[in-house]
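Presented below is the structure to which this report refers.
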Amino acid sequence: MSDHHPSSAISAGVRHVEALLESRGLLDPGEIDARIDAFLAGGSPANGARIVAHAWTDPGFAGRLLADANTAIRELGLSMAGGLQEQRLKVVANSAAEHHVVVCTLCSCYPIALLGPSPSWYKSEAYRSRVVRDPRGVLREFGWEPPADTAITVWDASAESRYLVVPRRPEGTDGLAEEELARLVTRNGLIGTAAV
Amino acid sequence: MSRINDVGGMTGFAAIVQEPDEPPFHADWEAHVLALNAALIRRGIYNLDEFRDAQERLPVPEYLAASYYERWFAAIRVLLVEKGVVDEADLEPPRG
Amino acid sequence: MADRFAPGDRVRTRAADPDGHTRLPRYARGAVGTVVERAGAHPLADERARGGAPDPHAVHHVRFAAADLFGAGDHDVVVELWEDYLEEAP
């Protein structure tokens, strides 16, 4: 995938197709802008951070989250139904024994309705090609590597589920409130390319 | 036949580049392409797998030269023509 | 309809290289893995990509040892696969 190209020509092309479809009754006036606004107001990594922090502080919720994430996240007022259709969310939790990392090798599947757009690196051939084969090498490039005795499992989002990783709760955070814990969680942590 | 999108396990792509504080979109038209695709799928003009298939069928040099949302827009154009929604000539903005 | 596969079952993925859209990645073809759990049921993507609207079929998370996929590596890869891509492995 190349870098982002100068956009004036393609921008004109996109506007032209929108106007063409509008003139044929296949798009409603204002529909595209409304969809963009709704999209930008929808998913956010902060939703994932809330889920993780709640799982850290409530073992019962953590259990329900791993068993049936779609139902469990409704306890927090969140849902996987914001996209074209409700998608199944599969949550995996890191431990001392096992570290999880998520990829879509065939395209770029990601829980957009929950977490917002994925980072560009997640969509890149560089990441998608290598992480299934050499996850430790890839994680080292991200500046962090699980201990040698931690097994690594790579999840390929090759069908209809979308994935979220619950990182390990950092040591020394016993006194923190749930909101403070949520601020520790990064988008990379939710994909598995950071410790938290 | 194995397609250009199916890259799992390959080597030789560029290094992984992280972009600090990356915005949701890098240009306004990217957001428009995303919304346009969602609108067309909602209307049943095509489905999500047909959309993925149309990207995978792009000529490989064009696919590799394109950015992420350029691929999306190319696939949308292919499907609009194949589904008989528009003629190919209609897709080009008038010059001038 | 009962699931063809249950968690713990050993399965082999299809080796064929289909002439069209598919969601069985090339690196996971002709490989033996273990069913982890069912991931719902959905119309097969291969057929939907041809404009079809087939009945939902079961989808499973299948765990493979990296060494069985790439000949090296001590990690596992879990791939999400339609039952259509799978057959029982001895």
Side-chain angles (χ1 to χ4, degrees), chain A residues 1-5 7-21 24 26-28 31-40 83-85 103-108 112 116-117 119-121 123-134 138 141-143 156 158 187-188 193, chain B residues 3-20 22-43 45 47-48 51-52 55-56 63-74 76-77 80 85-87 90-94:
Chain A
M1 188 163 62
S2 74
D3 288 326
H4 310 283
H5 290 179
S7 58
S8 56
I10 191 164
S11 181
V14 173
R15 300 274 177 185
H16 172 72
V17 170
E18 280 178 34
L20 183 69
L21 294 173
R24 299 191 181 183
L26 288 166
L27 282 180
D28 298 329
E31 179 179 351
I32 294 293
D33 287 335
R35 283 188 181 279
I36 293 170
D37 290 345
F39 178 78
L40 291 174
L84 291 165
Q85 58 189 5
V103 64
C104 174
T105 65
L106 294 173
C107 51
S108 55
I112 288 175
S120 283
W121 63 257
K123 305 178 186 103
S124 71
E125 279 90 6
Y127 176 75
R128 291 165 42 222
S129 62
R130 284 176 46 213
V131 75
V132 281
R133 186 164 190 147
D134 179 22
V138 167
E141 284 183 42
F142 278 87
D156 192 344
S158 50
R187 182 165 63 176
N188 285 10
T193 56
Chain B
R3 289 173 160 186
I4 188 63
N5 65 297
D6 187 358
V7 298
M10 290 178 68
T11 57
F13 287 108
I16 298 164
V17 178
Q18 293 190 72
E19 187 180 335
E22 182 176 2
F25 299 102
H26 292 80
D28 197 41
W29 68 264
E30 295 185 345
H32 279 252
V33 166
L34 179 133
L36 177 60
N37 185 50
L40 294 169
I41 290 176
R42 283 245 190 229
R43 272 176 179 69
I45 305 294
N47 68 44
L48 183 57
F51 173 66
R52 291 184 181 128
Q55 288 188 60
E56 296 164 12
Y63 182 99
L64 289 174
S67 72
Y68 183 74
Y69 285 109
E70 284 174 344
R71 288 175 193 166
W72 280 42
F73 188 48
I76 290 169
R77 291 160 53 108
L80 287 175
V85 175
V86 301
D87 292 329
D90 296 337
L91 287 171
E92 292 307 320

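Only heavy atoms go into these numbers, but all of them, side chains included; no hydrogens, no water, no symmetry mates. By convention in this document, chain letters (A, B, ...) are assigned in the order of the sequence lines, proteins followed by strands, and residues within each chain are numbered from 1.
Here CD of A/Gln85 is found 8.0 Å from CG of B/Leu48. Values are rounded to the nearest 0.5 Å. A distance of 6.5 Å separates NE2 in A/His16 from CG in B/Leu91, rounded to the nearest 0.5 Å. The CG atom of B/Leu80 sits 8.5 Å away from atom CG of A/Leu26, with the distance rounded to the nearest 0.5 Å.
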Inset, instruction - Check step by step if side-chain contact (heavy atoms from CB on, under 4.5 Å) holds for B/Val85 and A/Leu21. - result: CA-CA 9 Å; B/Val85 175; A/Leu21 294 173; 3.9 Å; yes
Inset, instruction - For side-chain contact (heavy atoms from CB on, under 4.5 Å), just list the numbers for B/Gln55 and A/Cys107, CA-CA rounded to whole Å, side-chain angles, deciding distance to a tenth of an Å, and then say yes or no. - result: CA-CA 10 Å; B/Gln55 288 188 60; A/Cys107 51; over 6 Å; no
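Only the side chain of B/Ile45 comes within less than 4.5 Å of a heavy atom of chain A; its backbone N, CA, C and O stay farther away. When heavy atoms are compared at a cutoff of 4.5 Å, A/Asp134 does not approach chain B at all. Contact annotation for B/Val86: both backbone and side-chain heavy atoms come within less than 4.5 Å of a heavy atom of chain A. Within the 4.5 angstrom heavy-atom criterion, no atom of A/Asp156 approaches chain B. Using a 4.5 Å cut-off between heavy atoms, A/Leu20 touches chain B through its side chain atoms alone. The parts of A/Tyr127 that come within reach of chain B are both its backbone and its side chain, each placing non-hydrogen atoms under 4.5 angstrom from that chain. For B/Ala27, the part sitting under 4.5 Å from any heavy atom of chain A is the side chain, from C-beta outward, and nothing else.
The side-chain heavy atoms of B/Arg52 and A/Leu106, taken from C-beta on, include no pair separated by under 4.5 Å. A/Arg130 places none of its side-chain heavy atoms less than 4.5 Å from the side chain of B/Phe13. No side-chain heavy atom of A/Thr193 sits under 4.5 Å from any side-chain heavy atom of B/Ile16. Between A/Ile10 and B/Val33, every side-chain heavy-atom pair lies at or beyond the 4.5 Å cut-off.
A donor-acceptor pair is defined here as one N or O able to donate and one able to accept, closer than 3.5 Å; no such pair exists between the side chain of A/Arg15 and the backbone of B/Pro93. Judged purely by atom type and a 3.5 angstrom limit, B/Arg77 has no side-chain atom pairing as donor or acceptor with the backbone of A/Val17. With B/Glu22 contributing its side chain and A/Ser120 its backbone, the two residues share a donor-acceptor pair below 3.5 Å.
Minimum heavy-atom separation, B/Ala39 to A/Leu27: CB-CD2, 3.6 Å. Between A/Arg128 and B/Asn5 the shortest heavy-atom distance is NH2-O, 2.8 Å. The heavy-atom pair separating A/Arg35 from B/Ala35 by the smallest distance is CD-O, 3.5 Å.
For the set A/Gly116, A/Gly13, A/Ala38, the count of heavy-atom pairs under 4.5 angstrom toward chain B peaks at A/Gly13. Ranked by heavy-atom pairs shorter than 4.5 Å toward chain B, the options A/Asp33, A/Thr105, A/Ile36 are led by A/Ile36. Your options are A/Pro119, A/Ala19, A/Cys104, A/Ala34, and the one with the most heavy-atom pairs under 4.5 Å with chain B is A/Pro119. Looking only at heavy-atom pairs under 4.5 Å with chain A, the residue among B/Ala31, B/Gly9, B/Ala38, B/Gly12 that has the most is B/Gly9.
Under the 4.0 Å criterion applied to side-chain N and carboxylate O atoms, B/Arg43 and A/Glu31 are assigned as salt-bridge partners. One finds a salt bridge joining A/Glu125 and B/Arg71 here, because a Lys/Arg side-chain nitrogen approaches an Asp/Glu carboxylate oxygen to under 4.0 Å.
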